[in-house]
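Step one of this worksheet: look at the structure below.
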Amino acid sequence: VITYNSLIDGYCRRGDIRSACLLMNKIRGTDPSKYKPDLVTFNVLFNGFCKMKMRTEVFVYMGLMWKCFLPNVVTCSTWIDMFCKLGDLDMAFRVFNDMRKDGLLPNLVVFTCLIDGYCKAGNLEVAFKLYEDMRQASLSPNVVTYATLIDGLCKRGKVEKAGCLFSRMLEDGVEPNSVAYTSMIDGYFKKGNVDDAMNYLSKMRDQGINLDVAAYGVIIAGLCNNGRLRLSTEIIEDMVRSGLNPD
RNA sequence: UCAAAGGUU
């Protein structure tokens, strides 16, 4: 089953949902006590559907799953993430409430999915309320949670608040990564504040965090959009020197 | 063996 699950996961990641489903149906069809899909098989398929925004297929397989398994935390976070990304926050919240009713404890990932959903919908109030809720549930926000909130603030133009949250993250003992820095840098560039963007870039480098392709993309575009073409060509040279190719 | 965050509009 583990081998099958990995195969199905591989198909899903390639975007080949068709092959994934065919394989799933095949192991469901080999009735005997030979192979049976387990909950992970369903989770993997759900994730594939979610990435492709195949909402109706999810409902079909939900029905199949219920016949043999109860959803676990991974199942629920996959559903919640999908509904959030489809913009159906009410449904996402419903899954969140239902899982608690069924005695499942939402974990860090579940909260972070919801927080991201509300951030992207522009509802920072609820996002921060969830951030408080998770702390009250004795869950410690990690760098993904913080990066999500920081990006939400930056995208709404609240770069100063994002900077405060960035500091709070450090006080909280959470190590920033390239994603958290990239959101801050992007936020400042979009405000036309090249100096503070470059400040965060220096901090990032001081901490020995390697710039990845997304980080370079933000910096290069930011410098270009702010008329600093000379500097941006230097950054491009850096990127090439570090062995990354502009994509 | 499975779930969450950043750049391209």
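We use all heavy atoms of the structure for the numbers below, so side chains are in, but hydrogens, waters and symmetry mates are not. Proteins come first, then strands; the chains are lettered A, B, ... in the order of their sequence lines, and each starts at number 1.
In this view, A/Leu64 and A/Arg28, A/Phe42, A/Tyr61, A/Lys67 satisfy the side chain to side chain contact (heavy atoms under 4.5 Å, CB included) rule, not counting sequence neighbours. The side-chain hydrogen bond (donor to acceptor under 3.5 Å, both in side chains) search around A/Asn199 returns A/Asp196, not counting sequence neighbours. Residues passing the side-chain hydrogen bond (donor to acceptor under 3.5 Å, both in side chains) test with A/Ser6: none are found, sequence neighbours excluded. Listed by chain and number, the residues in a side chain to side chain contact (heavy atoms under 4.5 Å, CB included) with A/Cys224 are A/Ile220, A/Leu229, A/Ser232 (sequence neighbours excluded). Under the side-chain hydrogen bond (donor to acceptor under 3.5 Å, both in side chains) criterion, A/Arg205 pairs with A/Asp238, sequence neighbours left out.
Within 6.0 Å of CZ in A/Arg94 there are 12 or fewer heavy atoms belonging to other residues, nucleotides or ligands.
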Under 3.5 Å, which donor-acceptor pairs do the side chains of residues 106-116 of chain A form with other protein atoms, sequence neighbours left out?
{"from": "A/Asn107", "atom 1": "OD1", "to": "A/Val109", "atom 2": "N", "distance (Å)": "3.1"}
{"from": "A/Asn107", "atom 1": "OD1", "to": "A/Val110", "atom 2": "N", "distance (Å)": "3.0"}
{"from": "A/Thr112", "atom 1": "OG1", "to": "A/Leu108", "atom 2": "O", "distance (Å)": "2.8"}
{"from": "A/Thr112", "atom 1": "OG1", "to": "A/Thr145", "atom 2": "OG1", "distance (Å)": "3.0"}
{"from": "A/Asp116", "atom 1": "OD1", "to": "A/Lys120", "atom 2": "NZ", "distance (Å)": "2.5"}
{"from": "A/Asp116", "atom 1": "OD2", "to": "A/Lys120", "atom 2": "NZ", "distance (Å)": "3.4"}

What pairs of donor and acceptor atoms, side-chain ones from residues 16-27 of chain A against any protein atom, are under 3.5 angstrom apart with sequence neighbours left out?
{"from": "A/Asp16", "atom 1": "OD1", "to": "A/Ser19", "atom 2": "N", "distance (Å)": "3.2"}
{"from": "A/Asp16", "atom 1": "OD1", "to": "A/Ser19", "atom 2": "OG", "distance (Å)": "3.0"}
{"from": "A/Asp16", "atom 1": "OD2", "to": "A/Ser19", "atom 2": "OG", "distance (Å)": "2.5"}
{"from": "A/Asn25", "atom 1": "ND2", "to": "A/Cys21", "atom 2": "O", "distance (Å)": "3.4"}

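In the model, A/Thr75 has a side-chain atom that pairs as donor or acceptor with a side-chain atom of A/Asn72 under 3.5 Å.
Rounded to an integer number of Å, the gap from CD1 of A/Ile8 to C1' of B/C2 is 11 Å. The separation between A/Tyr4 atom OH and B/C2 atom P is 19 Å, rounded to whole Å. The distance from atom CG of A/Asn43 to atom P of B/C2 is 11 Å, rounded to the nearest whole Å. Going from atom CZ of A/Phe83 over to atom P of B/A3 covers 18 Å, rounded to whole Å. A/Asn107 has its CG atom 15 Å from the P atom of B/C2, to the nearest Å. A/Leu23 has its CG atom 13 Å from the C1' atom of B/U1, to the nearest Å.
Contact annotation for A/Val40: base contact, defined as any heavy-atom pair under 4.0 Å involving a base atom.
Remark: nothing in residues 56-64 of chain A comes within less than 4.0 Å of RNA chain B through any heavy atom.
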Which letters describe nucleotides 4-9 of chain B, given B = protein heavy atom under 4.0 Å from base, S = only from sugar-phosphate, - = neither? BBBBS-
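Look at A/Arg13 and you won't find any side-chain N or O under 4.0 angstrom from OP1 or OP2 of B/U1.
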